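For reference, the structure is listed below as structure tokens.
The first residue of the sequence shown is numbered 1, and numbering continues consecutively from there. Predicted, not measured: the structure shown is a model, and the values here were computed from it.
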Amino acid sequence: MSVRERIGQLRDTINRHNYNYYVLNTPEISDREFDMLLKELEKLETENPEFADPLSPTQRVGSDLTHGFDSVEHIHPMLSLSNTYSIEEVDEWFGRVRAGLGGERFEVTGEMKFDGTSISLIYEHGRLVRAVTRGDGIRGDVVTANVKTIKSIPLQLQGEGWPDFFEIRGEILMPWKEFDRLNKEREFNEEPLFANPRNAAAGTLKTLDTREVSRRGLDAYFYYLLGPELPADNHYDNMMAAKKWGFKVSDIMTRLDSLEGVEAFVRYWDEHRKELPVATDGLVFKVDSLRQQLNLGFTAKSPRWAIAYKFPAERALTRLRFVSFEVGRMGIVTPVANLEPVLLSGTVIRRASLHNEDIVKTLDIHQHDLLYVEKGGEIIPKITGVDENGREPGAEPVRFVSHCPACGTPLVRVEGEAAWQCPNKFGCPPQIVGRIEHFVGRKMMNIDGIGEETSQALFDAGYVKGIADLYDLTEGQLLKLDGFGPRSAEKVLEGLEASKTMPFDRVVYALSIPFVGDTVARKLVKAFPDIDLIMSASAEELAAAKDIGPRIAESIIEYFKNPVNRQTVARLREVGLQMAVAEDVAGDTSNRLEGKAFVISGTFSHHSRDEYKDLIERNGGRNVSSISKKTDYVLAGENMGPAKREKAASLGIPVISEDDFLNMIGTE
């Protein structure tokens with residue numbers, strides 16, 4: 001077999017196994033066997049670049065930069081559906097369809113309304129050529145590079161009978177499992193949480209770093225086929241054909257031939273949708289016959305042959321088992337309601353944060369109360385009330401602990417807040433482990449191979465009692481940990497070495513100084529470009545720095561007043577971490593934008609949004625999130641929202657392009 005033939009064989013085999021795993025959920029080989037096939041293909045493609053193919057399964061991992069998004073017009077407008085909120089309204093639609101068809105018999109396809117972000121894919125000769133977001137329904141953004149990373153989407157079709165050209169529409173989704181994992185990461189890194197999987201999927205699809213898109217575990221379901229030469233004259237059979245070509249088409253899709261069948265479909269899925277692995281917000285009903293769809297036509301905004309039924313927001317009642325009190329890396333003690341398991345919006349809820357003592361008192365929670373849990377709009381589980389009728393006789397109110405549940409130290413109230421804190425910074429195990437976990441995180445030192453479990457294991461083994469101890473780790477110590485082999489140990493040691501090149505602001509962020517997140521760390525190192533300047537600055541000098549203020553200044557003073565923290569910094573400096581702003585970065589600052597407030601909107605080609613934010617700050621400006629009278633400029637890329645543009649115009653705020661901005665700061 002020639003190299004070219006082997007490459008083709010491997011691609012076909014890997015594509016088939018991807019389909020079995022991500023679409024059918026019936027893997028035929030182990031993960032290790034799959035990885036070996038992929039490694040062989042990667043090696044052959046590297047050694048034989050003349051056989052490269054942008055749709056090879058090796059290209060799904062993505063690269064680290066996508067230069068903005070082009071905008072194109074849809075071949076067919078992507079219209080929205082009319083919404084209904086009751087079975088009665090669905091019945092009325094059914095009656096309008098019957099009347100519109102003059103009493104002619106018709107069938108309806110019932111399907112799930114997945115709660116993600118709409119996508120249109122174009123295939124030519126069995127290969128994916130373009131992926132476009134819904135946009136405004138007329139034009140959308142080309143996101144092909146990102147869509148290629150979604151493993152349930154076929155890059156090359158399988159089977160036979162597909163047209164040479166067609167469009168298929170569907171929904172890009174973030175499964176509950178991936179959503180929970182991502183939000184857990186973001187919470188740990190002190191990043192804003194995604195409100196729901198829909199927002200997470202939409203935000204991910206417009207991310208400029210395709211490697212990050214690949215890492216987030218998106219999925220996709222497809223629900224409509226368009227084209228001049230479709231395999232069938234009805235919607236259902238077309239989608240069954242698409243399933244054979246490799247598309248993920250929901251098994252929920254069902255033909256219904258009566259109003260009674262439609263009503264039964266609504267009643268069944270109103271309950272059983274909670275068992276699905278992805279977010280849903282309703283059902284969709286479509287007239288099955290394409291001829292009848294054509295006869296029914298469209299209103300100005302939506303097709304007459306389809307309608308959406310929206311599920312009501314979910315609320316569940318479950319019993320409180322107990323309230324646990326958990327200690328974070330800053331010593332803040334958080335009450336958590338541990339619940340009898342209850343199914344809500346596709347996930348089993350067992351825990352929900354009660355945030356602080358004041359909320360516990362406001363809700364008036366007693367031991368073993370029946371609590372209302374909501375996920376309205378599929379948000380993070382929230383305790384919204386108590387069913388006092390279900391309260392057990394003599395049940396005691398839940399009382400906040402007075403001592404740290406981890407180390408027994410008396411708690412102190414954080415001044416001006418509802419939070420209680422354990423002051424035992426260097427003797428409280430969860431605080432120590434939390435700081436280790438924070439230090440190695442992606443936005444801090446980015447040390448691959450150390451996560452929550454490994455941080456705990458390193459502490460339990462006595463190898464790491466503080467962040468500086470990480471740099472004393474040996475291969476022999478790592479190999480003694482469960483799950484570690486030579487390669488995983490080597491990976492950690494390589495990550496530790498690579499962390500020595502991380503810029504100074506990330507080192508400052510990684511130190512876990514209270515109130516110093518990534519944004520404050522950048523501001524701080526701009527005003528005090530080396531660690532000695534920060535440690536020797538007075539509270540007044542720190543507070544005078546832009547956007548620092550007295551509260552953060554006092555926190556920095558308190559942090560460096562402690563000899564343990566100063567010793568940690570000395571050890572980190574000794575092993576080679578960056579303790580000053582690099583000269584090339586330090587010289588790349590100015591006051592050209594001093595006092596100017598910028599709103600960034602749209603997508604860009606020269607730099608990413610984060611890079612523009614950094615450029616604004618390095619030149620003395622500040623970033624704000626929304627347009628107001630105090631905004632000086634709107635930096636607009638492609639696809640700036642019309643509402644923002646209109647607001648800027650009404651307030652007389654200049655809207656500038658990338659080139660305008662780069663000229664403004666003297667960058668070509």
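You'll find the side chain of Y463 stays beyond 4.5 Å of the side chain of L478, heavy atoms only. The shortest distance between side-chain heavy atoms of C404 and L411 falls below 4.5 Å. Considering only heavy atoms from C-beta on, L370 stays 4.5 Å or farther from T318 through its side chain. The shortest distance between side-chain heavy atoms of V360 and V323 does not fall below 4.5 Å. For the pair R321 and L339, the minimum side-chain heavy-atom distance is 4.5 Å or more. When side chains are defined from C-beta on, Q578 does not count as touching P503, because their heavy atoms never get closer than 4.5 Å. No side-chain heavy atom of I552 sits under 4.5 Å from any side-chain heavy atom of L542. The shortest distance between side-chain heavy atoms of F439 and L572 falls below 4.5 Å.
Here the side chain of T474 pairs a donor or acceptor atom with the backbone of Q477 at under 3.5 angstrom. N562 places a side-chain N or O within 3.5 Å of a backbone atom of V564 that can act as its donor or acceptor partner. No donor-acceptor distance shorter than 3.5 angstrom exists from the side chain of E178 to the backbone of G217, with no hydrogens or angles considered. Panel note: side chain N146, backbone T207; a donor-acceptor pair is recorded below 3.5 Å. Side chain of N338 to main chain of V336: a donor-acceptor pair is present (N/O by atom type, distance under 3.5 Å, no hydrogens or angles). A donor-acceptor contact shorter than 3.5 Å is absent between the side chain of T280 and the backbone of G282. In terms of modelled atom types and a separation under 3.5 Å, the side chain of D115 and the main chain of A279 share no donor-acceptor contact. Under the 3.5 Å distance criterion, the side-chain polar atoms of H368 are left unmatched by any main-chain donor or acceptor of H366.
Residue pairs meeting the salt bridge (charged side-chain N to carboxylate O under 4.0 Å, His left out) criterion with at least one partner in residues 461-475, sequence neighbours excluded, are D469-R571, D472-R571. Pairs passing the side chain to side chain donor-acceptor pair (under 3.5 Å) check and including a residue from residues 422-433, sequence neighbours excluded, do not occur. Identified under the ring pair (Phe, Tyr, Trp, His ring centres under 6.0 Å) test for residues 314-342, with sequence neighbours left out: F325-F400.
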One pair to check against side chain to side chain donor-acceptor pair (under 3.5 Å): D219 and S152. What are the steps and the verdict? CA-CA 6 Å; D219 200 354; S152 56; 2.6 Å; yes
In sequence, state the C-alpha distance, the side-chain angles, and the governing distance for I450 and L470, and then conclude on side-chain contact (heavy atoms from CB on, under 4.5 Å). CA-CA 10 Å; I450 303 180; L470 287 162; 4.0 Å; yes
Please test D369 against R391 for salt bridge (Lys or Arg N to Asp or Glu O under 4.0 Å), starting from the C-alpha separation and ending with a verdict. CA-CA 5 Å; D369 267 352; R391 180 166 292 163; 2.9 Å; yes
Please assess E494 against K491 for the test salt bridge (Lys or Arg N to Asp or Glu O under 4.0 Å), listing each intermediate value before the final yes or no. CA-CA 5 Å; E494 288 173 352; K491 194 176 179 182; over 6 Å; no
Could you go through the side chain to side chain donor-acceptor pair (under 3.5 Å) check for S512 and Y559 one step at a time? CA-CA 9 Å; S512 286; Y559 181 88; over 6 Å; no
Walk me through it: do E357 and K361 pass the test side-chain contact (heavy atoms from CB on, under 4.5 Å)? CA-CA 6 Å; E357 182 183 26; K361 287 182 176 178; 3.5 Å; yes
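With respect to the salt-bridge test (charged N to carboxylate O, under 4.0 angstrom), the residues K500 and E497 qualify. Using a 4.0 Å cut-off between a side-chain N of Lys or Arg and a carboxylate O of Asp or Glu, K184 and E452 qualify as a salt bridge.
Under the salt bridge (Lys or Arg N to Asp or Glu O under 4.0 Å) criterion, K310 pairs with D281, not counting sequence neighbours. When the ring pair (Phe, Tyr, Trp, His ring centres under 6.0 Å) test is applied to F504, no partner is found at least two apart in sequence or on another chain. Applying the side chain to side chain contact (heavy atoms under 4.5 Å, CB included) rule to S555 yields the partners I513, P514, F515; only residues at least two apart in sequence or on another chain are considered. Under the salt bridge (Lys or Arg N to Asp or Glu O under 4.0 Å) criterion, K561 pairs with E558, sequence neighbours left out. Partners of A544 according to the side chain to side chain contact (heavy atoms under 4.5 Å, CB included) rule, which considers only residues two or more places apart in sequence or in another chain, do not exist here. Qualifying side chain to side chain contact (heavy atoms under 4.5 Å, CB included) partners for R573, counting only residues two or more places apart in sequence or in other chains: I531, D532, M535, M579. F598 is linked by a ring pair (Phe, Tyr, Trp, His ring centres under 6.0 Å) to Y633, F661, counting only residues two or more places apart in sequence or in another chain. Residues passing the side chain to side chain contact (heavy atoms under 4.5 Å, CB included) test with D358 are N356, R413, A418, sequence neighbours excluded.
Between Y509 atom OH and M445 atom CE the span is 11.0 Å, to the nearest 0.5 Å. One finds the CZ atom of F528 at 8.0 Å from the CD1 atom of I556 (value rounded to the nearest 0.5 Å). The structure places CG of L354 at 7.0 Å from CG of L363, a figure rounded to the nearest 0.5 Å. One finds the CZ atom of F459 at 7.0 Å from the CD1 atom of I436 (value rounded to the nearest 0.5 Å). Taking CZ of R273 as the reference point, atom CD of E275 lies at 11.5 Å (rounded to 0.5 Å).
Other residues, nucleotides and ligands place more than 12 heavy atoms under 6.0 Å from the CD atom of E392.
The only option from R216, R215, K443 that meets the salt bridge (Lys or Arg N to Asp or Glu O under 4.0 Å) definition with E185 turns out to be R215.
By the 6.0 Å and 45° rule, R566 does not stack over the aromatic ring of F560.
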Run the side-chain donor-acceptor check on residues 483-490: report pairs under 3.5 Å with partners two or more places apart or on a different chain.
residue: R487; atom: NH1; partner: E490; partner atom: OE1; Å: 3.4
residue: S488; atom: OG; partner: G485; partner atom: N; Å: 2.8
residue: S488; atom: OG; partner: G485; partner atom: O; Å: 3.0

